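Accompanying notes for the structure given below.
Note on naming: letters A, B, ... go to the chains in the order of the sequence lines (proteins, then strands), and numbering restarts at 1 for each one. What you see is a predicted model, and the numbers here were worked out from it, not measured in a lab.
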Protein chains: 2
Amino acid sequence: MNKLRTVIVDDHPIVIEGLKTLLKNEANLEIVGGFSEGTGLLSYLNTKPVDLILLDVTLPDINGMDLCQMIKERFSTITILILSNHTERSIIMQTIQNGASGYLLKNSSLDELRQCIASAVTGNICYSKEVVEIISRPTKNQLRNTPQLTRREKQILSLLAEGKTSQNIAQELFLSPLTVDTHRRNLIQKFEVKNVAELIAAAHQQQLL
Amino acid sequence: MNKLRTVIVDDHPIVIEGLKTLLKNEANLEIVGGFSEGTGLLSYLNTKPVDLILLDVTLPDINGMDLCQMIKERFSTITILILSNHTERSIIMQTIQNGASGYLLKNSSLDELRQCIASAVTGNICYSKEVVEIISRPTKNQLRNTPQLTRREKQILSLLAEGKTSQNIAQELFLSPLTVDTHRRNLIQKFEVKNVAELIAAAHQQQLL
DNA sequence: TTTCTTCTACTGGTTTTCAGGTATTTTTCA
DNA sequence: TGAAAAATACCTGAAAACCAGTAGAAGAAA
């Protein structure tokens, strides 16, 4: 196998240099470029082939996550590893959606970086230990005690989310509209919200929809 | 390091036997049990220590994803690998939320299984190649063209999601309630939905909230 | 300068929700 | 089998949302 043509993207030139030095002696990869801006990377990709990108989230021009998605759309074969200091759960989860093959914190050891690169280029996704901890950590919303819903309530909740009125739902489930109203009211109570709009938002946050 | 005490959970006894045979010769793990039901597993966990669980999603009594969450809550040190035939994106994404350390399809090779187990027990998360493909695939919702919202509309959208009424919002933004009503109506039109409930659901699916 | 978009505001009417309740019949499960 | 939980159904009135159409003002873009 040829050496992996690797590009480093980070808004701090120092980090780029540091990574270059760290990875200089890796047998299986070769650093072919370093960029501190997203636009620079994009124009480079249009001219030269690249196998692996180590990508920071914070960039001066384009958001790293958006950049990730853009790259994946145009150059689907490129493997992208996110290397960032962001420890927010939502950011990490977003990067998966956007096609990244892994997420590492910048304080990761060289060993972890090596392991993740190996995993990523074979097609797997890999998260470093600290990142896994963040992912596993329950969301704020999940900490809030999720209300216990009955089967009927779940059913009606999802129909409400489809924009159906009590009457619609009643017809669909062969119930009295008054019954549906009651369930709706109980849902609003259980979630401690003001109306259906907030109910749907809350249910979504707690991954019930 | 001691051998990993491993339990297999699958509703098909044949699969359990197959996995047992496959993993029999692995130096670093030992199959200490096999269950075809969630309840059986749970009562076992209360009596014996376990390091690793290979868990199916489809079980006769408890949903595998819920089971995963339950196990993680009570026995946080146990590593759980999902081994399933489900190729639905939402299911895979859900398992991460619920604390699984990886997801493999049942047609994975022994090599992939080995690699994922190794990755998982060291604390990382690992997805097999096919699973990565599924994850990277854009969601249906992301394919749907997201409506272009104006600044005001975004603002009002998020206030609506907080359960605020047109009047509340009007007061907060120093507008006429009628104006807020208009914006709300435009939002409902742009999203091609019937009412605010569905609007919130749609906005959430398109990650606008 | 004209055109387009966005934000603003209105009329008038219909439908639906929401907030208090209460109460009977099924299920569930210990 | 008996208690608890869930599902069903009802009442009333006020508040809010929804529908459909119109239209002026401000700002940006062409």
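- Counting heavy atoms from C-beta on, the side chains of B/Lys194 and B/Leu199 never come closer than 4.5 Å.
- Under the 3.5 Å distance criterion, with hydrogens and angles disregarded, no donor-acceptor pair is assigned to the side chains of A/Ser166 and A/His183.
- Inter-axis angle, ends of the helix from C/dT1-D/dA30 to C/dA30-D/dT1, five pairs per end, rounded to 10 degrees: 70°.
- At least one side-chain heavy atom of B/Leu173 sits less than 4.5 Å from a side-chain heavy atom of B/Leu159.
- If you walk DNA chain C from 5' to 3' and mark each nucleotide with an atom closer than 4.0 Å to a heavy atom of chain B, the marks span C/dT6 to C/dT11.
- Contacts classified as side-chain hydrogen bond (donor to acceptor under 3.5 Å, both in side chains) and involving residues 33-44 of chain A (residues at least two apart or in different chains) are given here: A/Thr39-A/Asp61.
- The pair B/Lys190-B/Glu153 counts as a salt bridge, with a side-chain nitrogen and a carboxylate oxygen less than 4.0 angstrom apart.
- Residue order along DNA chain C, read from the 5' end via each residue's closest nucleotide, puts B/Gln148 first among B/Gln148 and A/Asn195.
- At a cut-off of 3.5 Å, with distance as the only test, no side-chain donor of A/Thr95 or A/Asn98 sits close to an acceptor on the other residue.
- Looking at which nucleotide of DNA chain C each of A/Lys194 and A/Gln167 is closest to, the 5′-most match is held by A/Gln167.
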Donor-acceptor pairs under 3.5 angstrom involving side-chain atoms of residues 70-79 of chain A: please list them, not counting sequence neighbours.
residue, atom, partner, partner atom, Å
A/Lys72, NZ, A/Ser76, O, 3.4
A/Lys72, NZ, A/Ile78, O, 2.8

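- Contact check for B/Leu45 versus B/Val50: side-chain heavy atoms found under the 4.5 Å cut-off.
- Taking 4.5 Å as the limit, some side-chain heavy atom of A/Leu23 sits within range of a side-chain heavy atom of A/Leu54.
- Between B/Arg184 atom CZ and D/dA20 atom C1' the separation is 16 Å, expressed in whole Å.
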Can you check nucleotides 7-14 of chain D for protein contacts, nitrogen or oxygen pairs under 3.5 Å, and list what you find?
residue, atom, partner, partner atom, Å
D/dA7, OP1, A/Arg151, N, 3.4
D/dA7, OP1, A/Arg152, N, 3.1
D/dA7, OP2, A/Thr150, OG1, 2.1
D/dT8, OP1, A/Arg152, NE, 3.1
D/dT8, OP1, A/Arg152, NH2, 2.6
D/dT8, OP2, A/Arg152, NE, 2.6
D/dT8, OP2, A/His183, NE2, 3.2
D/dA9, OP2, A/Ser176, N, 2.8
D/dA9, OP2, A/Thr179, OG1, 2.8
D/dA9, O5', A/Thr179, OG1, 3.2
D/dC10, OP2, A/Ser176, OG, 2.7
D/dC10, N4, A/Thr182, OG1, 3.3

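- Taking 4.0 Å as the cut-off between side-chain N and carboxylate O, A/Arg5 and A/Glu30 do not count as a salt-bridged pair.
- For the side chain to side chain contact (heavy atoms under 4.5 Å, CB included) with B/Leu19, the qualifying choice from B/Ile31, B/Asp10, B/Leu113 is B/Leu113, the only one to do so.
- One finds no salt bridge joining B/Asp51 and B/Lys3 here, because no Lys/Arg side-chain nitrogen approaches an Asp/Glu carboxylate oxygen to under 4.0 Å.
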Exercise. How would nucleotides 25-30 of chain D be written as a contact map, 5' to 3', with B for base contact, S for sugar-phosphate-only contact and - for no contact, using protein heavy atoms under 4.0 Å?
Worked result: ------

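- The shortest side-chain heavy-atom distance between A/Val15 and A/Asp56 does not fall under the 4.5 Å cut-off.
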